[in-house]
Amino acid sequence: MAENQFTKLRKEKLAKIRAMGIDPYPVESARSHKIGEVLCDKESRVAGTERVILAGRLVAMRRQGKLGFGNLEDDSGKIQLYVSQNELGEDNYSLFKLCDAGDFVQAEGNLFFTQAGEYSLKCERITLLGKNIRPLPAVKEKIVDGKSIRYDEFADIELRYRKRYLDLLLNPEHRKVFELRSRIVSAARRYMDSRGYIEVETPILQPLYGGANARPFITHHNTLDTYLYLRIAVELYLKRLIVGGFERVYEIGKNFRNEGMDRTHNPEFTMMESYEAYSDLNGMMDLVEGLIKHLALDIVGKDTFVYQGHTVHLGGSWRRASMPELVKDATGLDVLTESEETLVAFCNKHELEIPQGSAKGKLIALIYEHFVEEKLIEPTFVCDFPKEISPLAKAKPGNPLLADRFELIIAGGEFANAFSELNDPLDQRERLEAQAKLRAMGDDEANVVDEDFLEALEYGMPPMGGQGIGIDRLVMLLTENDSIKEVILFPQMKPDHN
RNA sequence: GCAUCUUUAGCUCAGCUGGUAGAGCAACUGACUCUUAAUCAGUGGGUCCGGGGUUCGAGUCCCCGAAGAUGUACCA
């Protein structure tokens, strides 16, 4: 960014400060209290003679000649500084006069109430800890009846994403979203840990990618002179760990999918996947429902959320429904008994675009997605997916056309995906080879055949349940944000050419 | 990807049927020893998102492009 009038003036101040023999970026600081600490027990602190040293960012200045007020903020709170030449002496006060809103300072003195009754630090010494040379956007705040009214709010959405540090600094409600995200993720870890799961880390750079239908990012390793893929899912590696004898594993981490970006998609996003030996689809429903309810009720503290224009209730017992029945209720079509030709005709009639190489299973999913999914507002486990589009899931007992799989739908969107995992190595090979044929026919999101994974299965894998939850979307719901960019600190943005 | 809207000072915004750019805050100078959106007086500050075009004249009209938002299609 080019130098502007502001940075030029502040660099001149910097030179003046240095000419006074003061280092504007000293190594040492000596904070005795966080601001939040001294905001408690105000009366007794004022009555006593306790000296405190506070440190933080100067966020506002009100100067009047040989007296001035500033607001000092750290991550625990904000307090007013009372700065007078009488207390500081001329030299130190002249340093204060060179300070700007945005500087980091250390202030030493006693706590007192001003004539206006505001709890403040009466400064006896101001030390500069870090000079600012680019002014912060001038947001002003007034407290009326305990509620904050902000003027000239830093509100430009694009700037908020591109300069997230300013958003966090100037918009406390956005900082709270990320604090809550952090608590949600750590609570999810504790929830899994307390159920005997161990957290693992598997490769992000993979020689083959798999575990989902998606196009990958490709990168290159110089020393190996080989192409690698950024993972699109962790499924196949976690299953290898179950083969290796771990019975309960989970991973929370980034996946990368080389696809479009919009309100609910970022190219890199966070998933939690878990696998549990000797469990199955029902076990996964209990796990997912228990986890999300715990996060809502115990961490966020409520069970009703407004999301994407809908009011969603997470309390109560969640509905478990069958995809073919849902489709039948919505369209009258019995997708299990109707012929593929009938389904094609139905899709054509409703102008649903049929992807290349779609067989019956894909048609059923297509019809479901258009006529059912977006209408499912309250949490619903949609079971009985077509087996054909579930290449890593076991067949449903008693119905070879269906998979023992569910997706959790809330407010018309997918929040989790789970199966009774396929552990028959020969069946798995057939399914992946069928996927490879789809690829050959032009479906570039179909799975690839991972021989190393198939070999692992051949050594034997116990029956198990596995699930994946999209963490970003869960945080969107739990923080009531309709855009994924609001819950990712640094969302992917196109280069800014201006 | 397509459609619509937005882009003007550091921030938030105004700018009419085309006439040569404004406000508040921030900044700077001065006054001010209990202010708190401090106040008062004064001053400076612009690639009007970028590039073309029409016109005597374009922030404004037309075309191309960029970024963002929203809707829509596909993927979590």
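Naming convention: chains lettered A, B, ... in sequence-line order (proteins, then strands); numbering from 1 in each chain.
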For A/Ile484 and for A/Ser120, locate the closest nucleotide of RNA chain B by heavy-atom distance; then report the residue assigned to the nucleotide nearer the 5' terminus. A/Ser120
Residue whose nearest RNA chain B nucleotide is more 5′ - A/Met61 or A/Glu445: A/Met61
Residue [X], side-chain heavy atoms: nucleotide from [options] that is nearest:
{"X": "A/Asn86", "options": "B/U33, B/G68, B/A37", "answer": "B/U33"}
{"X": "A/Phe6", "options": "B/U33, B/A27, B/A67", "answer": "B/A27"}
{"X": "A/Arg62", "options": "B/U35, B/C75, B/A26", "answer": "B/U35"}
{"X": "A/Asp156", "options": "B/A37, B/U12, B/G68", "answer": "B/U12"}
{"X": "A/Ile157", "options": "B/U33, B/U35, B/A69", "answer": "B/A69"}
{"X": "A/Gln115", "options": "B/C75, B/C34, B/A69", "answer": "B/C34"}

Any Lys/Arg nitrogen of [X] or [Y] sitting under 4.0 Å from an Asp/Glu carboxylate oxygen of the other?
{"X": "A/Lys176", "Y": "A/Glu173", "result": "no"}
{"X": "A/Arg51", "Y": "A/Glu108", "result": "yes"}
{"X": "A/Glu268", "Y": "A/Lys254", "result": "yes"}
{"X": "A/Lys34", "Y": "A/Asp75", "result": "yes"}

Using the [atom1] atom as the reference point in each nucleotide, state the distance between [N] and [M] in Å, no decimals.
{"N": "B/U29", "M": "B/G44", "atom1": "P", "result": "15 Å"}
{"N": "B/U7", "M": "B/U17", "atom1": "P", "result": "16 Å"}
{"N": "B/G50", "M": "B/G10", "atom1": "P", "result": "13 Å"}
{"N": "B/C48", "M": "B/U20", "atom1": "C1'", "result": "12 Å"}
{"N": "B/G19", "M": "B/A37", "atom1": "C1'", "result": "38 Å"}
{"N": "B/A26", "M": "B/U12", "atom1": "P", "result": "15 Å"}
{"N": "B/U43", "M": "B/U47", "atom1": "P", "result": "22 Å"}
{"N": "B/A41", "M": "B/G46", "atom1": "P", "result": "25 Å"}

[N]: pairing nucleotide in any strand, Watson-Crick or G-U under 3.5 angstrom:
{"N": "B/U60", "answer": "none"}
{"N": "B/U36", "answer": "none"}
{"N": "B/C2", "answer": "B/G71"}
{"N": "B/U29", "answer": "B/A41"}
{"N": "B/A66", "answer": "B/U7"}

Across the strands shown, which category fits [X] at heavy-atom distances under 4.0 angstrom: base, sugar-phosphate, nothing?
{"X": "A/Arg162", "value": "sugar-phosphate"}
{"X": "A/Met271", "value": "nothing"}
{"X": "A/Ala155", "value": "sugar-phosphate"}
{"X": "A/Lys78", "value": "nothing"}
{"X": "A/Gln64", "value": "base"}
{"X": "A/Asn266", "value": "base"}
{"X": "A/Tyr161", "value": "sugar-phosphate"}
{"X": "A/Leu170", "value": "nothing"}
{"X": "A/Gly470", "value": "nothing"}

Between [atom2] on [N] and [atom1] on [X], what's the gap in Å once rounded to a whole number?
{"X": "A/Arg10", "N": "B/G10", "atom1": "CZ", "atom2": "P", "answer": "14 Å"}
{"X": "A/Ile133", "N": "B/A27", "atom1": "CD1", "atom2": "P", "answer": "16 Å"}
{"X": "A/Leu98", "N": "B/U29", "atom1": "CG", "atom2": "P", "answer": "10 Å"}
{"X": "A/Arg160", "N": "B/C11", "atom1": "CZ", "atom2": "P", "answer": "15 Å"}
{"X": "A/Lys142", "N": "B/C25", "atom1": "NZ", "atom2": "P", "answer": "14 Å"}
{"X": "A/Phe69", "N": "B/U35", "atom1": "CZ", "atom2": "C1'", "answer": "4 Å"}
{"X": "A/Asn132", "N": "B/A26", "atom1": "CG", "atom2": "P", "answer": "15 Å"}
{"X": "A/Glu373", "N": "B/C75", "atom1": "CD", "atom2": "P", "answer": "9 Å"}

Backbone N or O of A/Val306 within a donor-acceptor pair of the A/Glu480 side chain at under 3.5 Å? yes
Below 4.0 Å: OP1/OP2 of B/C28 and any side-chain N or O of A/Lys8: no
OP1 or OP2 of B/A26 under 4.0 Å from side-chain N/O of A/Lys140: yes
What orientation do [X] and [Y] show, parallel under 30°, tilted 30 to 60°, or perpendicular over 60°?
{"X": "A/Tyr82", "Y": "A/Phe69", "value": "perpendicular"}
{"X": "A/Tyr119", "Y": "A/Phe113", "value": "tilted"}
{"X": "A/Tyr250", "Y": "A/Tyr197", "value": "perpendicular"}

Once hydrogens and angles are ignored, does a donor-acceptor distance under 3.5 Å link the base of [N] to the side chain of [X]?
{"X": "A/Asp152", "N": "B/G24", "value": "yes"}
{"X": "A/Glu141", "N": "B/U36", "value": "no"}
{"X": "A/Glu153", "N": "B/U12", "value": "no"}

Atom CZ of A/Arg175 with >12 non-hydrogen neighbours under 6.0 angstrom: yes
Test log, rule ring pair (Phe, Tyr, Trp, His ring centres under 6.0 Å), inputs A/His265 and A/Phe269: CA-CA 8 Å; A/His265 296 84; A/Phe269 63 100; 8.3 Å; no
Test: salt bridge (Lys or Arg N to Asp or Glu O under 4.0 Å). Region: residues 88-100 of chain A. Which pairs qualify, not counting sequence neighbours? A/Arg10-A/Asp100, A/Lys13-A/Asp100, A/Asp100-A/Lys131
Please produce a list of atom pairs where a protein N or O lies less than 3.5 Å from an N or O of nucleotides 71-73 of chain B.
{"residue": "B/G71", "atom": "OP2", "partner": "A/Arg263", "partner atom": "NH1", "Å": "2.8"}

